[in-house]
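Note sheet for the following structure.
Quick note on labels: first sequence line is chain A, next is B, and so on, each numbered from 1.
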Protein chains: 2
Amino acid sequence: MKATRSDVAKLAGVSTATVSNALSNPEKVKDETVKKVLEAVKALDYRPDMIARSMSTKKTMQIGIVLENISNPFFGDIVRGFESAANEKNYFVNICTGFNKLDEYFDNFITRRLDGVFVTAIPYKFNMDKLYHLVDNGIKVLVSGNVGADFRKVSSIENDHMAAMHEAMEYLYSLGHRDIAYLSGLGRNLPYDLRSIGYRQMVERLGLPCGEDLLFDGKYPYSTDMTDGYYYANELMKSGRKFTAVICVNDLMSLGAIKAFKEKGYRVPEDVSVMGFDGITYGEYWEPSLTTMNLDKVKFGEKAFELLYSNISKGNTGYFENKLSLIKRMSTAKCR
Amino acid sequence: MKATRSDVAKLAGVSTATVSNALSNPEKVKDETVKKVLEAVKALDYRPDMIARSMSTKKTMQIGIVLENISNPFFGDIVRGFESAANEKNYFVNICTGFNKLDEYFDNFITRRLDGVFVTAIPYKFNMDKLYHLVDNGIKVLVSGNVGADFRKVSSIENDHMAAMHEAMEYLYSLGHRDIAYLSGLGRNLPYDLRSIGYRQMVERLGLPCGEDLLFDGKYPYSTDMTDGYYYANELMKSGRKFTAVICVNDLMSLGAIKAFKEKGYRVPEDVSVMGFDGITYGEYWEPSLTTMNLDKVKFGEKAFELLYSNISKGNTGYFENKLSLIKRMSTAKCR
DNA sequence: GTGAAAGCGCTAACAA
DNA sequence: TTGTTAGCGCTTTCAC
């Protein structure tokens with residue numbers, strides 16, 4: 001049977017309150033008493049009960065992190081950074097994946113009284129009001145994904161995908177490419193995909209002849225996995241439009257696209273240059289290795305926790321913008 | 001402010017117990033009363049508090065799943081299967097990754113009173129006693145990974161990697177291969193890696209000339225990621241030993257190995273056949289596509305929850321063995 | 001420096 | 001069919 005605090009108190013010959021103090025505020029208790037308590041704790045293999053503690057402190061020391069695709073190594077690294085930072089502050093992290101039932105999670109968060117939640121998912125998948133509802137219920141929220149959330153209510157952490165897209169386009173342009181396609185997979189004309197906006201800006205700024213003909217958007221539920229890259233690359237080829245370079249919304253899609261191109265006899269990068277966003281490890285090992293706009297994912301995760309923690313402990317929302325950097329590898333080359 | 005059950009009781013003009021009953025056992029309460037309660041619930045936007053509920057029921061409806069590498073899509077699929085089955089029964093799943101601090105998680109599980117835990121990690125990483133300690137503290141445990149746990153205390157779910165290795169070896173043998181290497185990455189002479197045992201059995205049974213010279217084991221912490229496959233393949237080449245086929249402990253390592261071979265001018269499969277275990281999606285998209293011993297990961301996850309749930313609700317431990325099946329793709333070919 | 005007691009929100013006997 | 005009440009294990013005033 002599990003020992004409770006009162007068992008400890010009895011064995012140590014003190015009161016339950018003293019046990020609590022000895023454990024959490026040892027400086028308030030006589031050294032000798034602390035020692036007695038610690039011995040009793042050890043003898044009984046006593047562990048405090050977080051449930052009961054939450055009951056009186058109103059804090060669960062539990063944080064949720066909601067993401068779309070746990071299998072994308074991109075998210076895996078972010079989680080790693082986030083979780084290790086959280087653990088250091090004694091928070092327990094709940095990773096929540098689950099594709100179409102994000103709303104259910106949100107209900108669960110309230111019911112389980114999480115202290116905070118980090119939501120990194122495109123907002124097609126959830127209801128914005130539900131997010132504010134969390135806040136109204138005392139749960140601190142951090143979002144990522146340019147969802148246009150009210151910054152007074154929730155914190156946010158974003159990647160500067162717009163600038164990154166500019167850099168990507170300039171790089172391809174400098175290689176002589178003029179017919180540059182963008183396989184987005186996300187919705188067109190929506191503010192969430194900054195890359196899409198950045199792409200169109202650059203098409204105009206650089207005076208590319210393709211106009212918007214080479215922008216391929218997706219449809220609900222806007223999946224951006226390897227299989228989707230494969231699909232959109234085939235769509236691009238079927239369209240009959242001219243292209244010499246392709247940018248994908250993320251690395252995973254780039255890898256699928258490369259597969260599709262090779263199957264149809266296109267050589268990468270000789271016939272078509274391909275690049276992505278994120279900088280996942282697989283890209284390094286791919287054939288050819290993938291040029292990408294890299295993002296320090298672990299650091300991003302750590303920074304995310306920092307923001308959320310600040311909101312939880314001090315009550316202030318915050319904002320952080322992360323920068324990406326170009327990694328040139330073998331999947332891009334001079335336009336012939 | 002969050003509404004409590006007594007607010008609801010007041011508004012509905014009934015007692016708190018009636019609210020509880022109306023919510024969980026509506027058949028025990030007059031329809032009219034149920035209706036009144038439901039209206040009050042809605043009006044107040046009341047949600048039951050799981051923490052308080054756990055306090056009295058002694059159940060948290062929370063399950064932990066411990067795994068080593070969240071970024072391996074293999075685990076992602078297992079988690080997906082496990083979680084969706086768990087959610088159906090109203091359990092909340094805690095995914096726990098975190099490389100070297102598994103023990104800390106275990107402490108946390110007790111402190112947070114999880115109802116059950118699914119541990120799928122090689123046992124180098126944790127202390128077996130800690131596992132039983134969970135059981136002693138009332139937490140039901142399911143393990144995977146041939147850790148040799150006492151089946152009276154914990155349930156287990158395993159993959160028949162031994163039979164799968166036999167099939168893999170027979171397949172390569174039938175293609176004419178005699179010099180077949182096995183890149184394990186795990187420890188030699190330990191019972192956890194059934195593939196390793198199966199490999200040695202087949203080396204003897206088929207009378208392969210290589211003996212055990214082509215078995216490459218790893219060292220602590222026995223990482224089996226893509227980068228490790230790359231590393232061991234290079235070790236194999238450096239050894240100067242003859243080989244025409246290579247089996248890797250999992251697909252991820254196979255992909256890294258293929259990369260290494262190609263870099264050194266070996267063609268796959270013309271010069272060397274490569275195959276793995278798991279059947280992850282990336283293998284399908286790889287160049288060349290990867291032959292593998294496939295495993296139905298989502299089903300595995302569902303079955304895992306089923307076992308754990310049975311232990312939680314009925315108190316009986318159980319065992320399940322999953323079978324793998326050969327998927328032939330382009331990374332293996334007749335030995336020249 | 002230490003102890004007594006109230007209270008966190010809920011469930012589960014037991015009474016009514 | 002509904003209400004009363006005693007916990008669940010802990011923290012936290014407030015006395016002593």
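Applying the salt bridge (charged side-chain N to carboxylate O under 4.0 Å, His left out) test to residues at least two apart or on different chains, the pairs with a partner in residues 302-313 of chain B are B/K303-B/E306. The ring-ring contact (aromatic ring centres under 6.0 Å, His included) pairs that include a residue from residues 60-85 of chain B are B/F82-B/F118, B/F82-B/F305, where partners are two or more places apart or lie in different chains.
Proximity note for A/K58 (side chain, C-beta onward) versus C/dC10, C/dG9, D/dG9: the nearest is C/dG9.
Between the P atom of C/dC10 and the CE atom of B/M61 lies a distance of 17 Å, rounded to the nearest Å. To the nearest angstrom, C1' of D/dG9 lies 15 Å from CG of B/N137. Distance CZ (A/R113) to P (C/dC8): 11 Å, rounded to an integer number of Å. Atom NZ in B/K59 sits about 16 Å away from atom C1' in C/dC10, given to the nearest Å. Across the protein-nucleic acid pair, A/D49 atom CG and C/dC8 atom P stand 18 Å apart, rounded to whole Å. Protein atom CZ of B/R53 is 18 Å distant from nucleotide atom P of D/dG9, rounded to whole Å. Per the geometry, CE belonging to B/M50 stands 12 Å off P belonging to C/dC10, to the nearest Å. In this structure, B/L23 atom CG and C/dC10 atom P are separated by 10 Å, rounded to whole Å.
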Report each atom pair, protein N/O against N/O of nucleotides 3-7 of chain C, whose distance is under 3.5 angstrom.
{"from": "C/dG3", "atom 1": "OP2", "to": "A/S15", "atom 2": "N", "distance (Å)": "2.8"}
{"from": "C/dG3", "atom 1": "OP2", "to": "A/S15", "atom 2": "OG", "distance (Å)": "3.3"}
{"from": "C/dG3", "atom 1": "OP2", "to": "A/T18", "atom 2": "OG1", "distance (Å)": "2.7"}

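Not a single side chain to side chain donor-acceptor pair (under 3.5 Å) links A/S54 to another residue, sequence neighbours left out. Evaluation of the side chain to side chain donor-acceptor pair (under 3.5 Å) rule for A/R53 yields no partner, not counting sequence neighbours. A/D77 pairs by the side chain to side chain donor-acceptor pair (under 3.5 Å) definition with A/R80, not counting sequence neighbours. Residues passing the side chain to side chain donor-acceptor pair (under 3.5 Å) test with B/N87, sequence neighbours excluded: none.
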Which pairs would a plain distance check flag for residues 16-28 of chain B, meaning a side-chain donor or acceptor within less than 3.5 Å of a matching protein atom at least two apart in sequence or in another chain?
{"from": "B/T18", "atom 1": "OG1", "to": "B/S15", "atom 2": "OG", "distance (Å)": "3.1"}
{"from": "B/S24", "atom 1": "OG", "to": "B/S20", "atom 2": "O", "distance (Å)": "2.7"}

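Taking the six-membered ring where tryptophan is involved, the planes of B/F109 and B/Y105 are essentially parallel, since the angle between them stays under 30° and well short of 60°.
The OG1 atom of B/T120 lies 5.5 Å from the CD1 atom of B/I78; values are rounded to the nearest 0.5 Å.
If you check every strand for non-hydrogen atoms under 4.0 Å, A/S20 touches a base.
Near DNA chain C, meaning a heavy atom under 4.0 Å from it, residues 26-43 of chain B has no residue at all.
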